[in-house]
Amino acid sequence: GDDANPDRSVAFYSQDMNKGMQERMRIESGLRHALGNGELVLYYQPKFEIASGRLVGAEALVRWMHPERGIVPPGEFIPLAETTGLIVQVGEWVLEEACAQASIWQRSGIAPFRVAVNVSAREFTPSLPERVATTLRRYQLDPSWLELEITESTLMHDVDRVTAIMDQITALGVSLSLDDFGTGFSSLSYLKRFPIHTLKIDRSFTMGIPADGSDCAIAGTIISMARQLCLRVIAEGVETLDQLAFLRGAGCDEVQGYLYAAPLPAYAFEKALRENWALVG
Ligand code: C2E
Ligand code: MG
Ligand code: MG
Ligand code: MG
């Protein structure tokens, strides 16, 4: 009978696929529009040095201010932008905007800190160093104000090509950090081959501190390895004083997370910096 008709399930299945595809196309054209229409905004989340309590960085995190949907988090459009290639245009806008903001802070006379920009594997092309150099020049931004956060997936491509790009970026005076560290499966040997300044312990490990013994062991191991390799190490997603105490005891250099602040619009970041964070430590 009808129930056993295989064509029917096939029809349902492809209908679902079409729905998913339509949804993706809707987001993609919406994002194209957003780029041209000024709907993307950067929020900034502070990074602090544990020993001194000093503000040492600000991670730029993109948000889409959708006229109907409100604030759309990057998790809902960055992965799609990566598969469609639109990430290149999004990334160009993010770098431009982050450098413009950093140069405003540089000229305002507040103590220097690094503004970190997330860079997807697909943006890590031979044209990136020149684009970074041009953007630094355009805003007369000291390169020590800029940091690029890359992930292990970037390192898993052609090693010689990736190394050349990284060398050109660090030669400018811009630093590189390895984001979501510990979640990829690439070889540890890259840590000494690539010019990386900072390891960022992924939030999934920070979350388990101090209750989960494995997460504590992984975080502790990453920290001691970083120290032996003369890399700086930061824990992301720090939400509690217990986590901070563990990380401090283990020798972690820096922390970032809701314990201090969520990502904030530039004006709110600046206000908190002047009123609160200048006094931390
Ligand atoms: P990420 O680079 O690992 O950024 C950290 C994420 O953790 C951010 O989420 C941040 O808001 C969140 N976070 C920070 N502290 C805490 C905490 O204490 N608790 C919890 N629960 N979460 C915390 P967000 O802003 O939603 O960004 C998600 C991801 O989207 C980023 O992960 C990054 O991979 C990507 N992304 C964001 N902005 C950009 C961008 O401009 N370009 C690219 N290529 N990717 C971006
Ligand atoms: Mg990041
Ligand atoms: Mg991260
Ligand atoms: Mg992460």
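Order of listing sets the numbers, starting from 1, for every ligand and every atom in it.
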The atoms of ligand 1 lying under 4.0 Å from a heavy atom of Gly237, numbered in the order shown, are 15 (N), 16 (C), 17 (C), 18 (O)
One finds that the ligand 1 atoms under 4.0 Å from a non-hydrogen atom of Glu123 are 44 (N)
Please tell me whether Glu270 and Tyr44 have a donor and an acceptor in their side chains that are separated by less than 3.5 angstrom.
no
**Study point:** Aromatic ring pairing Trp105/Phe269, orientation class (parallel under 30°, perpendicular over 60°, tilted between)
**Key:** tilted
Protein N/O/S atoms closer than 2.8 Å to the Mg ion (ligand 2), ordered by chain and number, come to Glu59 OE2, Asn118 OD1, Glu149 OE1, Asp179 OD2
If you group Ile, Leu, Val, Met, Phe, Trp and Tyr by side-chain heavy-atom gaps below 4.5 Å, do Leu273 and Ile104 land in one group?
no
Any heavy atom of Ser120 under 4.0 Å from ligand 1? The part involved is both
Ranking Tyr260, Phe77, Tyr258 by closest non-hydrogen atom to atom 23 (C) of ligand 1, top hit is Tyr258
Near Val238 (heavy-atom distance under 4.0 Å), the atoms of ligand 1 are 18 (O)
Between Arg131 and Gly91, the two heavy atoms sitting closest are NH1-O, 4.1 Å
Note to self: Tell me whether ligand 1 is touched by Lys200 - counting only heavy atoms on the residue side and a distance under 4.0 Å.
What the structure shows: no
_Between Tyr260 and Gln45, is there a side-chain donor-acceptor contact under 3.5 Å, judged purely by atom types and distance?_
no
- Can you list the steps and then say if Phe48 with Trp277 is a ring-ring contact (aromatic ring centres under 6.0 Å, His included)? CA-CA 9 Å; Phe48 295 96; Trp277 302 333; 5.7 Å; yes
The answer for which part of Val117 has a heavy atom under 4.0 Å from ligand 1 is neither
Could you tell me whether some N/O pair between Gln256 and ligand 1 is separated by less than 3.5 angstrom? no
>> Is it true that Thr134 and Arg138 share a donor-acceptor pair across their side chains at a distance under 3.5 Å?
In response: no
- [ ] State, yes or no, whether a side-chain contact exists between His66 and Glu76 at a heavy-atom distance under 4.5 Å.
- [x] no
### Message
Check for me whether Met207 has a heavy atom closer than 4.0 Å to any atom of ligand 1.
### Response
no
Does Met25 CE have over 12 foreign heavy atoms under 6.0 Å away? no
**Prompt:** Do NZ/NE/NH1/NH2 and the carboxylate oxygens of Lys47 and Glu149 come within less than 4.0 Å?
**Reply:** yes
Min over Glu239, Arg63, Glu82, Arg203 of heavy-atom distance to atom 19 (N) of ligand 1 lands on Glu239
task = Give the C-alpha distance, both sets of side-chain angles, the deciding distance and a yes or no for salt bridge (Lys or Arg N to Asp or Glu O under 4.0 Å) between Glu39 and Arg69.
result = CA-CA 12 Å; Glu39 288 174 14; Arg69 294 167 66 202; over 6 Å; no
Under 4.0 Å between heavy atoms, the region of Gln45 that gets near ligand 1 turns out to be side chain
So the atoms of ligand 1 within less than 4.0 Å of a heavy atom of Gly257 turn out to be 15 (N), 18 (O)
Exactly one candidate in Arg248, Arg114, Lys200 meets salt bridge (charged side-chain N to carboxylate O under 4.0 Å, His left out) with Glu254; the answer is Arg114
Q: Could you verify whether a donor N or O on one side chain and an acceptor N or O on the other, from Thr240 and Asp242, lie under 3.5 Å apart?
A: no
Q) Within less than 4.0 angstrom of ligand 1, does Gly91 place any heavy atom? A) no
Min side-chain heavy-atom separation Glu96-Tyr139 under 4.5 Å: yes
Logged contact type for Val62 with ligand 1, heavy-atom cut-off 4.0 Å, is both
(message) For ligand 1, which is the ligand I care about here, please tell me if Asp179 has any N or O atom under 3.5 Å from one of the ligand's N or O atoms.
(response) yes
A student checking ligand 1 against Pro263 at a 4.0 Å heavy-atom cut-off should list atoms 11 (O)
